[in-house]
Amino acid sequence: MTGVSQKQQLKLISPADIEPNPENPRLIFRQEEMESLMLSIDRHGIQVPLTVYKDDDGYKILDGERRWRCARKLNLKSIPVIIQDKPTELENLVIMYNIHALREQWDYFTIASKLERVIDLYQAENGFQPNEVQLSELTGLTRGAIRRCQLLINLPDRFKRMILIELEKPKLQQKFTEDFFIEMEKAIKTIVKRIPSYEGKIDEIRDALIDKFRRDKITAVTDFRQLSKIATALDNLDVKKGETKKILDRIFDPNNPIGIREAYEQSVAFEYEERKYYRYVDNVEEFLSEVIEEDRIDDLDADLVERLRELYSTIARLLEQ
Amino acid sequence: MAGISSATDFIRSSVRQYLVATYSNPPIKCDEEVDSKLGWTPTISCAVNNQLMLIEASETPYPEILRIRRAEMVEVPAPIAAYAACPEEAYAQNQKDAADLALHGFGLFTVDASGNVTKKFPAIPIAQHIPESQFKDDVGGLPAPHKRRAKECFDLYKHNAPAGVANLAEQVEALIMRAAKDAAKKGWITKAQANGSLANVLVSLQGANQFNNADTVIAAARVYVQRYRNPSHHVPKNKKQAYRKYRDCRHAFLDGLRNMQDFKDQMKSLGLSGGF
């Protein structure tokens, strides 16, 4: 792929002659960070010129949409820009990723929305789809970020529209965030991997979970991690597939009011807790064996010995039953 | 054109619809320069009731741009009434900011998740804004009944400045009429003179020897009442006149408080009640 021409010109132009780049993957601009940039520009002016290219009807931004928005808000008459040659569509997108993605945290949906286009253009140019590593090198995004984006890219369009509508709302009014969908999709993927019979019902499952989240039956996006744990209990715990499916069916039933937390508590919470204490018991046992082997019983703290006696008595009570 | 934050697009379109519905489709501009000297491009500008309503859509009740451009707004020769428009939830969570916004003379719209807009409190043109602290300072020397009436006028002023000034002028008029009644009781002027029109009462008071030392105060009260009793009825012909009218309201209100104070003091020193 060719780089951007080095022919550059520094100029002062009116913000009114500049337009945002339609390919900018960054769709969301948060007020708090924008205001602190605006105050800095108000006090010190624009210290770093924007990068633009000349298009048919004015200039388009390659780098500096936030500065440009602030300049418009402050009614600045002119701003410094570096004018570059017009890039190709793929160059344009890749430049944007590399300029922005490394600099600040983006919303995943904004990245995902243009990542699909990068993949298509790369395929058209090279004859094959870029793999995760190539995509990471091309865009400067981590492989983890690309995987999260893929979860959003694979969503049906109606859910993508839902995310975009939410993202356009002020942060306090957002409910179905991209985090919600990323967590939900991860959980659904985990479940389908273990119980393939859900494969054909994914959209119904999504609708049911969205509905329960809307009605606060699911109270936090992190609840989806417990949903994954219900499914992975098939591998990790001694839980039967039929029992897991039964509890998942209840969660996926829109008419059943049960939430994820409740279902988790009722099904595998105790087993997971048990597994955690299994490790603790192993650790305690290992430590005490070492103390005996190394003949350091007298070195033990008196308080610890007292606690061990109490523990011994509790264990005896438990085992006698 | 995009606002400073992408989340404000929803607020802008909701407020825009509200303005169209509430003020019968007034001329509305979005993200356009209002005055070349004003370093702020408001999200919405809308000319309503001889005022220029400038609205900044924001995720918070008190956007920074209003804080940093307040002084410049006063310099613009137009009756600017500035508002913030923020989500209902942000208003509920930032009451301190909302209170500061009102204290500094700005108004506030809130928008709920369904796009319903509520005007939480109105703004008056920034050129006529009198800070609460200044008002309190200026009424500090007045007795309780005077203070109470001044406060009522100030509350009205904060929503409708010309009406607040007119109301205050009426209070000054009431002080004059009471002084005339007090003077009639003392036999300094006749009862008939005390019951005359305001203009005639003032002439009678100035004609009475006992009021010789109060000549300046009576003359000042006379000019004040004449000038400001009906300012809300004088419709400005253009933006500049409107700006002057609103800017004058500020002077008028503060001048009214001083007239009240001076007139009351002088009447008391003459042995009259100095009340209403």
Side-chain angles (χ1 to χ4, degrees), chain A residues 14-22 24-45 58 61 64-79 106-107 109-110 113 163-177 214, chain B residues 1-15 30-45 54 56-73 76 84-94 97 110-116:
Chain A
S14 163
D17 296 334
I18 302 173
E19 281 179 17
N21 193 319
N24 189 357
R26 184 182 188 129
L27 301 172
I28 306 304
F29 297 85
R30 301 264 177 250
Q31 178 148 336
E32 202 179 329
E33 62 188 59
M34 293 300 288
E35 284 193 331
S36 74
L37 178 63
M38 184 185 73
L39 290 177
S40 160
I41 290 173
D42 192 44
R43 279 188 203 123
H44 311 295
I61 301 170
E65 184 165 342
R66 296 189 320 142
R67 277 166 281 165
W68 172 75
R69 281 174 180 249
C70 291
R72 291 285 309 232
K73 187 50 65 192
L74 292 166
N75 199 16
L76 299 185
K77 303 294 174 256
S78 64
I79 52 176
W106 274 7
D107 299 292
F109 185 75
T110 67
S113 64
I163 300 176
L164 192 57
I165 289 168
E166 288 294 312
L167 279 173
E168 282 168 354
K169 287 181 183 172
K171 201 154 184 101
L172 289 165
Q173 288 177 345
Q174 290 174 12
K175 191 164 174 77
F176 294 98
T177 59
R214 185 177 282 123
Chain B
M1 169 17 221
I4 193 167
S5 127
S6 44
T8 55
D9 296 352
F10 173 70
I11 298 171
R12 175 178 46 193
S13 73
S14 304
V15 172
C30 287
D31 299 303
E32 281 186 39
E33 179 183 278
V34 171
D35 187 286
S36 62
K37 287 185 202 125
L38 180 61
W40 170 36
T41 310
T43 314
I44 294 174
S45 56
L54 304 186
E56 184 65 14
S58 164
E59 289 184 56
T60 57
Y62 203 158
E64 281 298 325
I65 194 77
L66 293 186
R67 287 185 204 270
I68 64 175
R69 289 293 181 260
R70 196 176 181 286
E72 277 186 18
M73 285 180 222
V76 176
C86 75
E88 183 70 40
E89 293 83 351
Y91 167 71
Q93 288 178 18
N94 298 284
D97 276 355
T110 59
V111 182
D112 70 14
S114 316
N116 299 313

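Because the structure is predicted, anything quoted here is derived from the model rather than measured. A note on names: the letters A, B, ... follow the listed sequences, proteins ahead of strands, and every chain is numbered from 1.
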Open item on the list: One pair to check against salt bridge (Lys or Arg N to Asp or Glu O under 4.0 Å): B:D97 and B:R67. What are the steps and the verdict?
Closed with: CA-CA 11 Å; B:D97 276 355; B:R67 287 185 204 270; 3.7 Å; yes
- [ ] Count the heavy-atom pairs under 4.5 Å between each of B:E88, B:E89, B:Q93 and chain A, then report the option with the highest count.
- [x] B:E89
Open item on the list: Below 4.5 Å, heavy-atom pairs only: which of B:E56, B:R69, B:E64 has the largest tally toward chain A?
Closed with: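 Option with the greatest count: B:E64.
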- [ ] Apply side-chain contact (heavy atoms from CB on, under 4.5 Å) to the pair B:L54 and B:I44, showing each step before the final yes or no.
- [x] CA-CA 6 Å; B:L54 304 186; B:I44 294 174; over 6 Å; no
What part of [X] gets closer than 4.5 Å to chain A, counting heavy atoms only: side chain, backbone, both or neither?
{"X": "B:I68", "result": "side chain"}
{"X": "B:P63", "result": "both"}
{"X": "B:I11", "result": "side chain"}
{"X": "B:V111", "result": "backbone"}

- [ ] Identify which part of A:K175 has an atom lying under 4.5 Å from any heavy atom of chain B, answering side chain, backbone, both or neither.
- [x]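 Answer is neither: A:K175 stays 4.5 Å or more from chain B.
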Task: Contact class of A:L76 relative to chain B, heavy atoms under 4.5 angstrom - done: neither
Task: Least distance between heavy atoms, A:P20 atom then A:I61 atom - done: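 Reported closest heavy-atom pair: CA-CD1, 4.0 Å.
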Task: Closest approach of B:Y91 to B:T110 (non-hydrogen atoms, all atoms of both residues) - done: CB-CG2, 3.7 Å
Open item on the list: Looking at B:N116 and B:D112, would you say the former's side chain and the latter's main chain have a donor-acceptor pair under 3.5 Å?
Closed with: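 Flag not set: sc B:N116 to bb B:D112 has no pair under 3.5 Å.
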Task: Residue selection (most heavy-atom pairs with chain B, distance under 4.5 Å) from A:E32, A:E19, A:K77 - done: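 Counting heavy-atom pairs under 4.5 Å, the top option is A:K77.
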Task: Spacing of CD1 belonging to A:I163 relative to CD belonging to A:Q174, to within rounding of 0.5 Å - done: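 A:I163 CD1 to A:Q174 CD: 11.0 Å, rounded to 0.5 Å.
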- [ ] Dump the intermediate steps for side-chain hydrogen bond (donor to acceptor under 3.5 Å, both in side chains) on A:Q31 and B:S58, then the final yes or no.
- [x] CA-CA 7 Å; A:Q31 178 148 336; B:S58 164; 2.7 Å; yes
